[in-house]
Amino acid sequence: LALQIATNKFGDERLCNLEMKPTSTNHQIFLVRLIFHGAVMLCSGNYHKLLLPISRIYTDPASLRGKLFPTMIDDQFVYTKYSIQDRGKWYECPNGHPYFIGECGRPVVRDKCPDCGSRVGGINHKPVELNTELDMNRDETKTDYLLGRVNEHSVSSGERTLGPAAVKILRALMDITFIWSSCSKDCVEGSNSEYLLYLVKAVDNLADLSEFFFQHLERDIQDLARHTGQNFEEATFLIHLVIKSLIQRGNETCRIPTDLTQRELRDQWEIEFSKQFIQPVLSSIHTQVRTQMEQVLNEKRIANNPLLRLVFEREEPEADNVLPHLWRHRSIVSLEHFSQSFSTADSNTQQSCPLVHKFLREESKLCVTRYLPDIVQLQRRVRDRLVHRIDRREATDTNIRHFLDKVRQEDRREYEELGRLIESLATAWSKIREDVRNNGRIRMEESLNTQEITPAT
């Protein structure tokens, strides 16, 4: 492997996409370097054993069947049931939607389920037919790798105690491991391919697996760069630092379970891994990145470049330069960067700003509310145009493209406005689709949850 990397010649179709080429973009080069750094760690087996829930993707994917993966979404009812402190009991309607009855916990009135319209409640302390008391030990958190294909509109957020940057680092490590596993000889020629495809529900064949995770890796690095206020190269450097730390501590033992069979074990593992390997990197981002840039700038080939010396303030601009600030490199200031800085601040700072803490946790959902006026306006316009003018069969056979084509023939201005409103709906849906599928009160068909809103919809 070392010789192949050094000569940039792999002679293997499985690895040809990882070769450096004259046409390779800077992003591709940075990602390939990162993949090979992770590959060297995985192939050597010299890494801290806390990485086992991820490294088993490469060494023993069969052992991960039915196990929980880091950073994946939970069944939110597990948290909801404990957030209501009133006395009472939980029930579920005939379609499985939970609802709460306070006081004594026994129904005295009938109503309709807000999610599906089924009869809920009851009279004389007796639930209506097919309504049953909910099992408080129910936990429908799904196992295996749950993320679908990369969505350009999706919103990155934290999970449980992990901030957005920590989530992206962990997912990048999983991306690297899946990519290298899909290229390994054991996977292609052995039974590991079957197990890998079982773990990743969004991919049907092995040929697409590497590209699927390559796209996820690129997106995760982009999100990490945004959350930390770094550029793409610097964000990959943060992952390199985590891998370096895992290798340097390869002889240390792991003191917590690494077989993530229960939600509590998965949560404990995430906290410990973040504490041991991620937070030390995130808490000193600027120092470590600056040190790295100093090493780069000290190379003779780069040190003599006058533009780079000016940008990175290795020398002062000329006195007659009327706009010296244009030649200064400054970190990007963004909401994501502020969120990451806040999450790595000490606990006293976070506790003194509870509203800021709450806002940052919910920001990914709150940002979608800006599309609500357009969605309400779209609903009104479609209702005025179609109610009592179209039957169910015609509605089933008509898609967005046909609907807009008909409007364009009648009113060009209305066509353009409806197109804008539909675009707002499509953008909002793409941002919250994953959250609705995993945490939404309304249970939709799986085919609808995974479907984008397109002209063919």
Side-chain angles (χ1 to χ4, degrees), residues 72-144 146 148 201 263 362 365-366 368-369 371-372 375-400 422 425-426 428-453 457:
M72 298 296 111
I73 299 174
D74 279 332
D75 175 13
Q76 292 303 300
F77 176 73
V78 175
Y79 303 100
T80 302
K81 67 183 181 183
Y82 293 117
S83 65
I84 298 180
Q85 301 298 323
D86 298 337
R87 293 187 306 162
K89 294 181 179 180
W90 283 91
Y91 294 81
E92 59 180 355
C93 79
N95 292 319
H97 301 124
Y99 63 94
F100 183 77
I101 297 179
E103 300 298 335
C104 67
R106 290 181 287 181
V108 294
V109 65
R110 293 175 178 173
D111 206 337
K112 290 184 178 181
C113 174
D115 297 326
C116 64
S118 301
R119 297 296 297 273
V120 297
I123 57 175
N124 298 327
H125 291 174
K126 294 183 178 180
V128 296
E129 187 179 5
L130 300 180
N131 280 243
T132 57
E133 188 173 339
L134 197 61
D135 179 10
M136 293 300 290
N137 295 320
R138 186 191 78 168
D139 185 352
E140 295 185 359
T141 298
K142 297 179 181 179
T143 60
D144 305 325
L146 304 177
K201 302 296 191 295
R263 184 168 48 83
E362 302 295 332
K365 300 174 185 176
L366 293 173
V368 185
T369 59
Y371 298 105
L372 284 177
I375 294 173
V376 172
Q377 186 178 2
L378 174 64
Q379 182 184 32
R380 289 174 178 170
R381 293 195 178 210
V382 172
R383 181 190 61 194
D384 293 342
R385 180 172 285 273
L386 298 181
V387 167
H388 303 309
R389 302 180 185 180
I390 186 172
D391 57 30
R392 182 182 297 273
R393 180 177 179 180
E394 186 179 356
T396 303
D397 295 338
T398 301
N399 59 29
I400 292 176
I422 291 173
L425 173 64
W429 171 242
S430 63
K431 287 179 178 291
I432 65 171
R433 187 181 62 186
E434 289 291 334
D435 190 64
V436 168
R437 180 172 65 177
N438 295 285
N439 306 323
R441 294 177 59 193
I442 300 177
R443 296 189 179 183
M444 303 175 63
E445 295 180 10
E446 188 64 23
S447 59
L448 295 177
N449 278 324
T450 58
Q451 184 177 0
E452 290 278 8
I453 296 178
T457 302

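Judged as a salt bridge (charged side-chain N to carboxylate O under 4.0 Å, His left out), and not counting sequence neighbours, Arg110 has no contacts. Scanning for side chain to side chain donor-acceptor pair (under 3.5 Å) contacts around Ser118 gives Asn95, with sequence neighbours left out. By the side-chain contact (heavy atoms from CB on, under 4.5 Å) test, Lys126 is found to be paired with no residue, residues two or more places apart in sequence or in another chain being considered.
Side-chain contact check for Arg380 versus Gln377: every heavy-atom pair is 4.5 Å or farther apart. In this structure, the side chains of Val108 and Ile123 stay at 4.5 Å or more apart for every pair of heavy atoms.
When all heavy atoms of Cys93 and Val120 are compared, the closest pair comes out as CB-CG1, 3.6 Å. The two atoms that bring Thr369 and Leu366 nearest to each other are OG1-O, 2.5 Å, heavy atoms only.
With Asn131 contributing its side chain and Arg119 its backbone, the two residues share a donor-acceptor pair below 3.5 Å. Tyr99 places a side-chain N or O within 3.5 Å of a backbone atom of Gly121 that can act as its donor or acceptor partner.
Taking CD1 of Ile101 as the start and NE2 of His125 as the end, the distance is 9.5 Å to the nearest 0.5 Å.
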